[in-house]
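Working notes for the structure below.
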Amino acid sequence: MTPATAAAGAFRDVHGRAPAGVWSAPGRVNLIGEHTDYNDGFVLPFALPHRLAAAASPRRDGKLRVATLGDDGRLQHSGLLDIAALEPGSVEGWAAYPAGVAWVLRDQGFADGADVVIAGDVPSGAGLSSSHALECAVSLALLGVAGVELDDGAATTPGRPQIARWVQRSENDFVGAPTGLLDQTASLCCEDSRVLFLDVRSGEMEQVPFPLADAGLRVLIMDTRTRHSHADGGYGERRRGTERAAELLGVKALRDVTPDGLGEALSQLPGDLAPLVRHVVTENQRVLDVVALLRERKLADIGPYLDGSHVSMRDDYRISTPELDLAVESARSAGALGARMTGGGFGGSAIALVRDGDLDAVRAGVETACERAGFRRPRMFTAVPSRGAGRDAV
């Protein structure tokens, strides 16, 4: 059963009628380019085949009612929310995410009420952007029941990059998580069989071919099943640190520090900020190097850049965990061409670039290493670049 079908079925169970429509959005994995987005840098994500779907119908009373179908098959309900009264801090827990979207859309002139039921298969807490998939799906659903569909060609229809910025605002200002623009843009704008090369400062995008099957390669996702939350303090501390460093260096954002000028920049910074800057500057360059290789169809050659990214996040940005480090190290030892943690850090998932013939050995190596260390057995699956958010036929 697809997420869209599950959401539509759950909607019928709750409301006794079919929804007006179903809209879904994917989770994402970032191939490379971590913690560069809120520094005006470069990122390279792709959308997962895993999605969250929002089945919805309009209400005429300005209220929002949301239910979400859990992995255990049980529905959780938000209660009836007055869209006109929504303010940051007025809704807590999981319901803050859809409520935040409604709050932002209200300020953009889309204040219609809706009944919404959410279902999907994006692993939560795995650093694969399940919260942003939920927000993007709900944003399309609320716009859809208001009569606004993406890509309809109308001059008044908001574009995908604009909706991504609205979703970012909902998470930053309503939920209170200081995320950048990577995840929302990936969920909305990625395409099949491609990675999205995004210049966050300019908004310029390039859909770069990523033909894994043709190259005999797989991207293995290794969910360590350890807690991951952007709303926790570590992510915000890193973001504030990079903003403080940019201020001390007299630049708009760390994007403006070049690799050639890195040494001089580091000499001007206190010891706690210098490693953060080194990560952002070198990570931006790694993104550019990987994009250059992908344009030449040299997919197998990007492995060392994945390795370098993980070392930088582990040692300079200090956002890895023992579980992530072990998953990365054991994947490499078992034959992966390169591996790195992905996402905000402090738990979640790692990825490995693996040749088809080595996939079973890498899986087994990671599982054995985690078992010996007494860690939870990781959840592993291969991922192919998939389509971005949109309306589903059910």
Side-chain angles (χ1 to χ4, degrees), residues 3 26-32 34 44-51 71 120-130 133 186 192-193 195 210-228 290 293-294 298-311 313-314 319-386:
R28 68 92 190 96
V29 66
N30 197 22
L31 185 63
I32 197 165
E34 222 66 75
L44 196 65
F46 64 86
L48 293 169
H50 304 75
R51 304 178 75 83
D71 294 338
D121 58 5
V122 181
S124 62
L128 302 176
S129 199
S130 59
D192 282 322
S193 304
V195 288
F210 193 44
L212 287 166
D214 293 348
L217 297 171
R218 306 283 188 95
V219 171
L220 178 66
I221 311 296
M222 301 172 287
D223 174 12
T224 64
R225 301 169 72 190
T226 53
R227 190 168 183 271
H228 165 93
V290 167
L293 289 170
L294 296 184
K298 296 180 178 178
L299 277 66
D301 292 348
I302 71 173
Y305 296 94
L306 305 184
D307 293 343
S309 176
H310 184 78
V311 170
M313 289 186 288
R314 182 192 67 200
I319 56 174
S320 191
T321 64
E323 293 88 350
L324 287 166
D325 291 340
L326 184 60
V328 166
E329 293 161 7
S330 57
R332 290 174 184 151
S333 297
L337 299 176
R340 63 183 287 271
M341 59 149 287
T342 188
F346 309 104
S349 297
I351 62 172
L353 184 68
V354 182
R355 295 191 187 279
D356 286 344
D358 295 330
L359 182 61
D360 290 343
V362 171
R363 284 180 185 269
V366 173
E367 287 181 350
T368 298
C370 291
E371 182 181 357
R372 288 175 176 169
F375 296 153
R376 297 182 68 183
R377 182 176 181 148
R379 175 171 43 191
M380 290 188 281
F381 56 92
T382 57
V384 294
S386 302

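With rounding to the nearest 0.5 Å, the separation of OG1 in Thr342 from CG in Asp223 is 11.5 Å. Leu324 contributes atom CG, which lies 10.5 Å from atom CD of Glu329 (distance to the nearest 0.5 angstrom). To the nearest 0.5 Å, the span separating CE on Met341 from CG on Asp325 amounts to 9.5 Å. Considering CZ of Arg218 and CZ of Phe381, their distance stands at 13.5 Å, rounded to 0.5 Å. Expressed to the nearest 0.5 Å, how far CD of Glu34 lies from CE of Met313 amounts to 5.5 Å. To the nearest 0.5 Å, atoms SG (Cys370) and CZ (Arg225) are separated by 11.0 Å.
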Practice item. Give the C-alpha distance, both sets of side-chain angles, the deciding distance and a yes or no for side-chain contact (heavy atoms from CB on, under 4.5 Å) between Leu44 and Leu294. Key: CA-CA 11 Å; Leu44 196 65; Leu294 296 184; 4.1 Å; yes
Exercise for review: For side-chain contact (heavy atoms from CB on, under 4.5 Å), just list the numbers for Leu337 and Arg355, CA-CA rounded to whole Å, side-chain angles, deciding distance to a tenth of an Å, and then say yes or no.
Suggested key: CA-CA 8 Å; Leu337 299 176; Arg355 295 191 187 279; 4.0 Å; yes
Practice item. For side-chain contact (heavy atoms from CB on, under 4.5 Å), just list the numbers for Arg363 and Thr382, CA-CA rounded to whole Å, side-chain angles, deciding distance to a tenth of an Å, and then say yes or no. Key: CA-CA 10 Å; Arg363 284 180 185 269; Thr382 57; 4.1 Å; yes
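Here the closest heavy-atom approach between residue Leu212 and residue Ala383 is recorded as CD1-O, 4.0 Å. In this structure, Ser309 and Arg340 approach most closely via the heavy-atom pair OG-NE, 3.0 Å. Listed here is the closest heavy atom pair of Pro26 and Leu48: CB-O, 3.3 Å. Nearest heavy-atom pair across Ala352 and Ala331 is CB-CB, 4.1 Å. Heavy atoms only, all atoms of each residue included: Phe346 and Thr321 are closest at C-CG2, 3.6 Å. Residues Val195 and Phe210 come closest through the heavy atom pair CG1-CD2, 3.7 Å.
A 4.5 Å side-chain heavy-atom check between Val29 and Ser349 finds every atom pair outside the cut-off.
Taking a 6.0 Å sphere around CZ of Arg379, one finds it holds more than 12 heavy atoms contributed by other residues, nucleotides or ligands.
The only member of Leu353, Val354, Leu306 that meets side-chain contact (heavy atoms from CB on, under 4.5 Å) when paired with Val219 is Leu353.
Put simply, the side chain of Ser386 never gets that close to the backbone of Asp192: no donor and acceptor are under 3.5 Å apart.
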